[in-house]
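Naming: A, B, ... by sequence-line order, numbering from 1 per chain.
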2 protein chains.
Amino acid sequence: MQFTKAEEYGVFGVLYLAEKDSSLVTPLSEISEAQGIPEKFLAKIFQSLSKAGIVRSHRGVRGGFTLSKKANEITIKEILETIQGPYHLMKCVSSMSECDRSEKINGYCALRELLVIAEKQLVDVFEGHTLADLLAWQRANQIPH
Amino acid sequence: MQFTKAEEYGVFGVLYLAEKDSSLVTPLSEISEAQGIPEKFLAKIFQSLSKAGIVRSHRGVRGGFTLSKKANEITIKEILETIQGPYHLMKCVSSMSECDRSEKINGYCALRELLVIAEKQLVDVFEGHTLADLLAWQRANQIPH
DNA sequence: TTCTTCGGCTTTTGTAAACTGCACTAGCAG
DNA sequence: CTGCTAGTGCAGTTTACAAAAGCCGAAGAA
């Protein structure tokens, strides 16, 4: 019932890109160091994000990553699901067949019913917020120097 | 980002008690067999539920468990939290000090902000439903014989 | 007192997250 | 075209925790 490090790192990594000018290509090493994330682990995460079209990779000298869309077009949901796959509170939520219990009580599972509701609430929050929202919050709370 | 087996077993176990007449003392072995749950594992779970005052244990011959409150007075939240402890999507949600990242960005964490919102939605669902609700759903969907 | 069932603690097992390493490839710079 | 840099892809290793099993003791009914 917790977020994985991969998800956490993914959001922070992408958020770091969003903080900068969108034309700036940023290497993994910089993100990794700035955010305190193991570089190879972050590489794996960004590979997924790259394939999903959330970030764009640039190889060669002075290569790195940029966002491939505007920050307000990237929902938190899509970042999380890219990294972890569709999250489900229980396996059976996605497909009834996953539930080894269902036959025993006439094919109906009350807990599943509740989890579907709960999950919907969660997803709505993540779908209803974009990178731009997080960025705005962060800027509003940054201590001015 | 998933429920543990302990939580799942806990809800099904308590729900099984709720299905029966409230005066009936039901031994673990019966619940365990009926629900397909390892008995010793269920014992551990029910120990917590007993301490939390959700179920009441009866030792000795023909002992077992009963609900210690009415089904409509037992929220799903209290079952889940008893078994697993307060669930948090990230450690830092409970207390800022848990966040090793907060200093780096001026003590503010945008992801945390979002998770607090998301968590609130989840908790509301679990707090807003009781065992009686699950029981009612189950009965409404039982295939009549 | 004896059998039954829960109580508490310890240990084992299994699995997935978290992280590491290496060989390879694409691309830019000079 | 040479050489360096940074991402790609896959195959490990380590670690942590969930899940389960085991053992002995305590409480309670017959």
Query raised in the report: Rounded to the nearest Å, what distance is computed from the CZ atom of residue A/Arg62 to the P atom of nucleotide D/dG3?
Result: 23 Å
Query raised in the report: Is any side-chain nitrogen or oxygen of A/Ser29 closer than 4.0 Å to OP1 or OP2 of D/dA6?
Result: no
Requested in this report: Give one of base, sugar-phosphate or nothing for B/Phe46, where a contact means two heavy atoms less than 4.0 Å apart.
Outcome: nothing
Query raised in the report: For B/Lys120, does the NZ atom have more than 12 heavy-atom neighbours from other residues, nucleotides or ligands under 6.0 Å away?
Result: no
Query - Nucleotide nearest A/Phe41 (side chain, heavy atoms from C-beta), chosen from D/dG7, C/dG8, C/dC19 - result: C/dC19
Report task. For A/Glu39 and C/dC22, give me the distance from atom CD to atom P, rounded to whole Å. Result -> 15 Å
Report summary line: Residues A/His88 and B/Gln2: closest non-hydrogen pair is O-CG, 2.8 Å
Query raised in the report: Does OP1 or OP2 of D/dA20 have a side-chain N or O of B/Tyr9 closer than 4.0 Å?
Result: yes
Query raised in the report: Which residue lies toward the 5' end of DNA chain D, B/Gln84 or A/Ser50, if each is placed at its nearest nucleotide?
Result: A/Ser50
Report task. For B/Gly60, report the nucleic acid contact type (base, sugar-phosphate, nothing); a contact means any heavy atom under 4.0 Å. Result -> base
Query raised in the report: What's the CD-P distance between B/Gln2 and C/dT15, to the nearest Å?
Result: 15 Å
Query - Rounded distance in Å - NZ (A/Lys44) to P (C/dT20) - result: 12 Å
Report task. Kindly say if A/Thr4 contacts the phosphate of C/dA16, meaning a side-chain N or O under 4.0 Å from OP1 or OP2. Result -> no
Query raised in the report: Counting heavy atoms not belonging to B/Glu33, are there more than 12 under 6.0 Å from its CD?
Result: no
Query raised in the report: Relative to the 5' end of DNA chain C, which residue comes earlier, A/His58 or B/Phe65, by the nucleotide with the nearest heavy atom?
Result: B/Phe65
Report task. Walk me through it: do A/Glu7 and A/Thr4 pass the test side chain to side chain donor-acceptor pair (under 3.5 Å)? Result -> CA-CA 5 Å; A/Glu7 288 171 298; A/Thr4 62; 3.2 Å; yes
Query - Between C/dA17 (C1') and A/Lys40 (NZ): distance, integer Å - result: 18 Å
Requested in this report: Would you check if the side chain of B/Ser32 reaches a backbone N or O of B/Ile37 as a donor-acceptor pair within less than 3.5 Å?
Outcome: yes
Requested in this report: Quickly work out the A/Leu17 CG to D/dG7 P distance and round it to whole Å.
Outcome: 11 Å
Report task. Measure from CD on B/Glu7 to P on D/dC17 and round the result to the nearest Å. Result -> 16 Å
Query raised in the report: If only side-chain N and O atoms of B/Gln47 are considered, is one of them under 4.0 Å from the OP1 or OP2 phosphate oxygen of C/dC6?
Result: no
Query raised in the report: Between A/Val61 and A/Ala6, who's closer to the 5' end of DNA chain C by nearest nucleotide?
Result: A/Ala6
Requested in this report: Find the distance A/Arg59:CZ to D/dG9:C1' and express it as a whole number of Å.
Outcome: 10 Å
